[in-house]
Every structure is written in C-alpha cells, then in structure tokens.
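Nothing here was measured: the structure is a model prediction, and the numbers come from that model.
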Amino acid sequence: MYEPTHEPVPGPAQEQATAGTTGPQEGPEPAGPVLRIAVATRDGTRIDQHFGQTDLFHIYDVSTSGPRLAGRRVIAEHEIAGEDRRDTIYRLIGDCRVLLVAKIGVTPQEVLAGKGVEATDLHAGKGVEEALAAVFAAKTAALDTGPLDATDFRLLHAMLRVEDLDRSIAFYTGALGMRLIERREHKKNQFSQAYLGYGGFSQMTLELVQNWQRETPYVAGDAFGHIAIAVSSITRLCDRLSARGVPMPRPPRPQRHGEAIVAFVVDPDGHRIELVQAPENA
C-alpha cells in the first residue's frame, strides 16, 4: 500500500545517527504497509523548519505499529558539485511519500508533487509524533471505496486568460449583462484578476486573468485556466483522490491572499481543477 516507489538515496551518509533526538526512535522493522515521511524539524519534536532553510530531514517509516525513525539526512552531505540546492533536496527525499514542513512555496511543492512527494505545511508547529499519526490515519482512511459525500460541494468559477482585461470586462458586462464583482492587481506576480457574474460569490462566477508579461495573443487552448469547486474536508478529499491515482500538482495549502485552503488536481484530459475550502469549513 505505502511501499516506497523510488530508489533509496545513495551514499554512506544516507541515514545519520539519531543520538540527541527525541520523539519516535529507531526500533524493530515495521510490519505491514509502511508510509515513508520526511520531516523538516530541528530536533525531532516539532515541525518547525522551512523547506528552503532546513539543513536536514528526519525520515520516518510509519505503520500500524506507529512511527519509526529511520534516520536523518543532512543536505550538505549529499551535495554534488554544481547541483542546485533544491535539486539536492528533491533527490534526497525522493523515496518519501510525504514531506512535512513549517512552510513551503508553490514552486517546490509542485515540483515535488511531480516526483511523487506530497509536501504540506498544514501541520506546521505541531508535534512530530502527532502529525505522523494524523497523516498515516488520513492516508489509510483514504483507501475507503465508499461513495463520496459531495452534499456541500458547488462549482465556484471558471478561469480564462485574456489579452486585455478592460476590454474583456466591458464585453461581459456590456454585451452579456454580467456585473464586475471584484478586481485585484497582483504586482508581485505580475497579473490582474477580475471576477464577474450575475450574482455575488454565492453563485458561479467567471474569473478573468491578464498576465502583464504576455506579449502574444492567446489561442483557445492556452486561454483556458481551470474550473474551481468549493469543497469541504479538503485534505480528506485530496487523500482520497491521491489514493485513486488522481494527479495532484498542488496539494492543499493556504491561499496567499486569503484564509481559504486550495489544491489543484488534474482530470483525465489534463485540465486543472481548483479545489477550495472556505475558512469556516476548515
């Protein structure tokens, strides 16, 4: 069920001594299904290290008998001359199914997802043993093949990329009678965003995005971005989808400009679907 699918990290320093650490320790080899989890933690007690700042990862094999500390992997001892530090980390934890960190950016999270490692900061600050148990329980429960309860789910919006946001707003409001619900300017990420519709955010909306650096017109296939669905229990849903082999380029994470938790999955034709859990449903 949870056997590692990647080759072990090579080298004599693969697993470092565990002296001086607390929390789950080395013990007998676990019996039954095993989930290998990497944790960015300073001393093995709490998840307190950022992805880009940690110097080592504690590696745990978690089973029904509990977590077992398989060892520690020090980034500096696995560096290859000329290799980017992030690439070293990707290689270093490539045999793990999950990475628990205090904070991680969207880009490394998506890169890791493409390598089969689900990175999440939703357990930031929690005790390591508590988080390991929770993740293992969630992944195990996700194997349930019963029907999905989608009672509270609803379509939120469809996203289109446009060449000229003002022109598109004028069309949808003037020609099709929509109203502009909200407009945002994202200077850091260099794009403008607008939501339009026939009601408020309680109804399905159209999200329009203009990327400031885009110099050529979009074709129909490039213009479509994603559809968004409001969901409840987003981590449980994503665990369920992952267990069924659904690609998940972005595991659940807090939104940068709000309190909602979002994730992206991919349908059989490669279209992205944004899953959004509102704060009150957390």
message: Would you compute the distance between atom CZ of Phe57 and atom OG1 of Thr41 and round it to the nearest 0.5 angstrom?
response: 11.5 Å

- request: Would you sort out whether Thr235 and Leu122 count as a side-chain contact (heavy atoms from CB on, under 4.5 Å), showing the intermediate values?
  value: CA-CA 9 Å; Thr235 53; Leu122 295 181; 3.6 Å; yes

field: Which atom of Ser192 lies closest to which atom of Trp212, heavy atoms considered
entry: OG-NE1, 2.8 Å

query: Asp239 pairs by salt bridge (Lys or Arg N to Asp or Glu O under 4.0 Å) with which of Lys139, Arg97, Arg244?
result: Lys139

- line: Taken to the nearest 0.5 Å, the spacing of Arg253 CZ from Ile104 CD1 works out to 7.5 Å

- line: Nearest heavy-atom contact between Tyr198 and Met178 is CZ-CG, 3.5 Å

message: Just to verify, what does Gln53 make a side chain to side chain donor-acceptor pair (under 3.5 Å) with, not counting sequence neighbours?
response: none

statement: Hits for ring-ring contact (aromatic ring centres under 6.0 Å, His included) against Phe201, two or more places apart or cross-chain, chain-then-number order -> Tyr195

From Gln49 atom CD to Thr54 atom OG1, the distance as rounded to the nearest 0.5 Å: 4.5 Å

query: Residues in ring-ring contact (aromatic ring centres under 6.0 Å, His included) with His123, at least two apart?
result: none

statement: In this structure, CG of Leu156 is separated from CD of Glu274 (nearest 0.5 Å) by 7.5 Å

- request: Apply ring-ring contact (aromatic ring centres under 6.0 Å, His included) to Phe191 and list each qualifying residue two or more places apart in sequence or on a separate chain.
  value: His186

message: Going by the rule side-chain contact (heavy atoms from CB on, under 4.5 Å), which residues pair with Ala113 if we only count those two or more places apart in sequence or in a different chain?
response: Pro251

message: On a heavy-atom basis, which atom in Ile75 and which in Arg85 lie closest, and how many Å separate them?
response: CD1-NH2, 3.4 Å

query: How long is the span from the CG atom in Leu237 to the CD1 atom in Ile229, to the nearest 0.5 Å?
result: 9.0 Å

message: Does Leu206 form a side-chain contact (heavy atoms from CB on, under 4.5 Å) with Tyr172? I'd like the steps, not just the answer.
response: CA-CA 9 Å; Leu206 177 64; Tyr172 283 104; 3.6 Å; yes

query: Who pairs with Arg167 by salt bridge (charged side-chain N to carboxylate O under 4.0 Å, His left out), at least two apart in sequence or on another chain?
result: Glu163

message: Run the salt bridge (charged side-chain N to carboxylate O under 4.0 Å, His left out) test against Glu110 and tell me which residues pass, sequence neighbours left out.
response: Arg250, Arg272

task: Check ring-ring contact (aromatic ring centres under 6.0 Å, His included) between Phe224 and all other residues, then give those that pass, not counting sequence neighbours.
output: His271

- request: Report the C-alpha separation of Leu275 and Cys238 in whole Å, then their side-chain angles, then the decisive distance to 0.1 Å, and conclude whether the side-chain contact (heavy atoms from CB on, under 4.5 Å) test is met.
  value: CA-CA 9 Å; Leu275 305 177; Cys238 288; 4.1 Å; yes

statement: Smallest heavy-atom separation, Gly200 atom then Thr205 atom, equals O-CG2, 3.8 Å

task: Determine, step by step, whether Thr88 and Glu79 satisfy the side chain to side chain donor-acceptor pair (under 3.5 Å) criterion, reporting the C-alpha distance in whole Å, the side-chain angles of both residues, the deciding distance to 0.1 Å, and the verdict.
output: CA-CA 6 Å; Thr88 302; Glu79 292 177 339; 5.8 Å; no

message: I'd like to know if Val162 and Leu176 are part of one continuous hydrophobic network [Ile/Leu/Val/Met/Phe/Trp/Tyr, side-chain heavy atoms within less than 4.5 Å].
response: yes

- prompt: Taking only residues two or more places apart in sequence or in another chain, which ones pass salt bridge (charged side-chain N to carboxylate O under 4.0 Å, His left out) with Arg161?
  reply: none

task: Just jot down the side-chain contact (heavy atoms from CB on, under 4.5 Å) partners of Ala150, sequence neighbours excluded, or say none.
output: Phe153

field: In one Ile/Leu/Val/Met/Phe/Trp/Tyr side-chain cluster, 4.5 Å: Met248, Ile227
entry: yes

- prompt: Going only through I, L, V, M, F, W and Y residues with side-chain contacts under 4.5 Å, is there a path from Leu69 to Phe136?
  reply: yes

Tyr60 side chain reached by Val135 side chain, heavy atoms, under 4.5 Å: no

Counterpart residues, side-chain contact (heavy atoms from CB on, under 4.5 Å), relative to Asp84 (two or more places apart): Arg86, Asp87

- prompt: So Gln109 and Asp121, side-chain contact (heavy atoms from CB on, under 4.5 Å) or not? Walk me through it.
  reply: CA-CA 10 Å; Gln109 187 184 46; Asp121 54 14; 5.7 Å; no

message: Run Arg36 and Asp61 through salt bridge (charged side-chain N to carboxylate O under 4.0 Å, His left out) and show every step you take.
response: CA-CA 5 Å; Arg36 175 156 285 191; Asp61 287 332; 2.7 Å; yes

statement: Residues at least two apart in sequence or cross-chain that pass salt bridge (charged side-chain N to carboxylate O under 4.0 Å, His left out) with Arg42, listed by chain then number, are Asp48

message: Between Arg73 and Ile93 (side chain of the first, backbone of the second, donor and acceptor by atom type, cut-off under 3.5 Å), is there such a pair?
response: no

- prompt: Does any N or O in the side chain of Asn211 come within less than 3.5 Å of the main-chain N or O of Gln213, such that one atom is a donor and the other an acceptor?
  reply: no

query: Would you say Leu132 and Val39 make side-chain contact, with heavy atoms under 4.5 Å?
result: yes

- request: Go through the steps to decide whether Glu182 and Arg184 satisfy the test salt bridge (charged side-chain N to carboxylate O under 4.0 Å, His left out), and finish with yes or no.
  value: CA-CA 7 Å; Glu182 183 177 75; Arg184 301 171 182 167; 2.7 Å; yes

- prompt: How many angstroms lie between atom CZ of Phe171 and atom CG of Leu208, to the nearest 0.5 angstrom?
  reply: 10.5 Å

task: Answer yes or no: is there a donor N or O on one side and an acceptor on the other, between the side chain of Gln277 and the main chain of Val231, under 3.5 Å?
output: no

